[in-house]
Asks: 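Shown below is the structure under consideration.
Numbers restart at 1 for each chain; the letters A, B, ... are given by sequence-line order, proteins then strands. Here the structure is a predicted model, which means the values were calculated and not measured.
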Amino acid sequence: MSLSLQAGGSATRALSSTAPSATTSHTTSPITTGTSVLAIKYRSGVLLAADTLVSYGSMAKYKNARRLLPINSSTLIGGSGEYSDLQSVTELLKRNALEDRCTADSLYNEESNEECAKEVWSYLRAVMYNRRSKMNPLWNDLVVAGFKKNEDGTISDEPFLGLVDKIGTAYEDDILATGFGSYIALPLMREKYRPDMEEGEARALLEDCLRILFYRDCRALNRVQIAKVTRDGKCLVSEPYELDTYWDFKGFVNSKAGLGTDGGW
Amino acid sequence: MLSSASLTVLIYSATAISSAQKFDPYQLNGGLVAAVAGKDYVLIASDTRMTDGGYGINSRKYLNGRIWSASSSSSSSLLQSSAERSATDESRTSFDLMPAKWEPDGSLALPTRTRWNHSSKATRILVGEQQKASGRSHLLDDTSPNTQTQLPVLIGSAGCASDCESLKRRVRLELDALECNFPTSSILGVQSVANLLQQVLYGRRGLPFYSFCVVAGIDNRDSHGEGAVYVYDAIGSFERVAVGCSGTGRELLQPILDRLFSESSRGIKDVQTILYGSSSSGHHDIMSIPAVEQRHGVAGSLRPPVRTTVNCTWQEAVDNVARGFQAVAEREISVGDELVVCLLRSRSDERNDPSVDVISFKLKKH
């Protein structure tokens with residue numbers, strides 16, 4: 001395995017490899033990684049949440065990395081996994097969005113020629129699946145949020161939330177979580193989810209899940225971002241902010257909650 | 001000195017990460033599909049659980065790559081459900097028949113538990129009348145000669161979900177291309193779809209589609225409207241059967257279904273008779289065909305040594321499949337949440353109209 005420090009992320013690195021050996025070495029393991037992304041549908045759209053940490057192995061390397069990104073006027077993606085691959089995927093999607101905009105019938109109507117979230121999701125599935133079939137994967141789990149299109153091409157009222165993973169597995173659901181969050185946050189969200197949740201409720205639920213992830217996931221941070229897509233076709237991504245934490249729970253303070261062992265948890 | 005030591009540590013720790021996560025292009029996302037061929041119907045069923053390849057459940061309502069239509073995009077949308085046609089016809093059955101809805105990409109949409117209401121039925125028929133008036137052919141037209149060919153061929157696939165999705169797109173691409181080249185020809189029959197699927201699967205022999213399929217359709221070659229089911233492995237070998245299943249837990253489901261259908265086909269529940277056969281029938285397995293009856297045609301070709309349709313009503317078949325899935329869901333963690341059965345009937349009422357319906361059952365959630 002090579003640990004090249006050449007710029008451009010693992011994707012470029014693998015493609016432009018000019019090693020004299022006959023076999024091309026591909027990225028088969030992530031290096032700088034982001035952890036969970038959480039997502040939930042609510043009454044008037046979709047909410048996404050993620051922390052802003054990118055780790056290098058066990059080192060907390062970048063503490064202000066943004067992993068929730070708008071890629072056109074009404075679609076958001078959230079990515080976990082290799083951060084450089086995420087940047088390259090985002091660039092690809094933004095390039096497509098720009099092309100859509102430049103080839104639109106009208107430059108003044110922003111939404112006229114844009115891909116809806118479901119189209120972006122479907123496209124990403126093809127990209128990820130092609131890369132995995134070449135054994136040169138983009139090491140990401142991507143959450144795509146937005147709204148579906150009507151038959152006439154206008155954006156509908158039906159929210160969309162889908163996930164694509166590094167081998168091209170794609171599925172939709174009302175609640176999604178990637179990474180460590182799929183073990184810890186997903187069951188909590190399944191328990192609390194209702195289709196008619198208010199924004200405040202959904203947001204509180206996501207913050208609770210992020211906080212619990214910060215307590216339990218060694219690669220998580222309490223510096224987080226929340227993003228939403230709403231029915232009127234707007235994407236909003238919050239600035240990073242810090243979650244309050246509380247470390248005086250009995251289970252945290254007393255080793256083995258008072259079982260009198262050697263002090264380990 | 002210090003920097004080289006710390007670099008070594010960095011490289012060492014990074015190598016430790018990489019050896020822990022090796023790239024595997026496959027994931028076994030669970031899912032179990034089954035199909036049953038009857039004399040004038042065929043049904044295909046799938047659960048809706050998608051796992052992460054281990055203990056995690058990705059989604060409890062995944063159906064997109066599980067059951068999909070292998071008939072070109074334009075043909076299957078007009079088919080009607082018997083649920084929307086006549087409320088009285090099905091009222092004696094205990095199943096809640098729902099109209100089949102299709103996603104734009106040809107997959108079966110997850111049924112919503114809302115009963116078909118009469119107001120929408122009225123509008124639907126009204127649209128039909130208008131079409132008839134404007135001279136366009138459609139299914140409500142009784143004079144249409146090939147209504148039976150309009151029944152779609154359905155494919156169920158389980159295994160690696162990303163491969164199943166890609167397989168779906170590849171097969172449907174072939175069918176759409178065929179329709180573009182030969183627009184006047186009717187849609188492919190079930191046997192042709194079965195052969196096409198074999199070709200597509202075997203075409204990826206080097207990096208196989210890790211998807212385990214069943215094909216279900218109505219065989220119209222001798223105009224009997226008999227059900228036909230084919231069952232596959234991941235690299236394309238296949239066989240026509242009466243009852244087939246594929247995916248995680250097929251080893252559990254197949255013997256259960258064999259047993260249930262052998263009871264239904266004989267119409268007897270007596271254990272002694274099931275195990276040892278009645279003295280009149282002479283052989284034990286009701287599905288097997290004696291050698292003399294296998295001979296077929298002047299050339300002396302042979303029919304399959306087992307029957308390729310079951311001998312029971314569709315109600316019994318649906319009931320058996322539901323019981324089978326419920327049993328498997330008790331013991332196989334990759335199977336559960338919901339069972340969706342899609343039923344194709346070549347003659348669903350007195351008018352001999354074909355129909356497509358969906359029935360849903362709850363399965364174990366944990």
Asks: Quick one: what part of N64(B) sits under 4.5 Å from any heavy atom of chain A, side chain, backbone, both or neither?
Replies: side chain

Asks: Any chance CZ of R205(B) has more than 12 other-residue heavy atoms, nucleotides or ligands included, within less than 6.0 Å?
Replies: no

Asks: Let me know if C160(B) has heavy atoms under 4.5 Å from chain A in its side chain, its backbone, both or neither.
Replies: side chain

Asks: Who are the side-chain contact (heavy atoms from CB on, under 4.5 Å) partners of P159(A), not counting sequence neighbours?
Replies: K41(A), V46(A), F147(A), R231(A)

Asks: Quick one: side-chain contact (heavy atoms from CB on, under 4.5 Å) partners of R219(A), sequence neighbours excluded?
Replies: T35(A), S55(A), S58(A), D217(A)

Asks: Check each atom of Y26(B) against the heavy atoms of chain A and say whether the ones under 4.5 Å are side chain, backbone, both or neither.
Replies: both

Asks: Starting at CD of E103(B), measure out to OG of S69(B) and round the result to the nearest 0.5 Å.
Replies: 12.5 Å

Asks: Mark yes or no for whether S46(B), through its side chain, and V33(B), through its backbone, hold a donor-acceptor pair below 3.5 Å.
Replies: no

Asks: Check this for me: does any side-chain nitrogen of one of D208(A) and K192(A) sit under 4.0 Å from a carboxylate oxygen of the other?
Replies: no

Asks: With a 4.0 Å cut-off on N to O distance, would you call D163(B) and R132(A) a salt bridge?
Replies: yes

Asks: Counting heavy-atom pairs under 4.5 Å with chain A, which one of G65(B), A161(B), S166(B), G56(B) comes out on top?
Replies: S166(B)

Asks: Only counting residues at least two apart or in another chain, list the ones meeting side-chain contact (heavy atoms from CB on, under 4.5 Å) with R60(B).
Replies: R190(A), R49(B), I57(B), D337(B), K365(B)

Asks: Which residues, numbered in order, of residues 170-178 of chain A come under 4.5 angstrom of chain B by heavy-atom distance?
Replies: A170(A), Y171(A), E172(A), D173(A), D174(A)

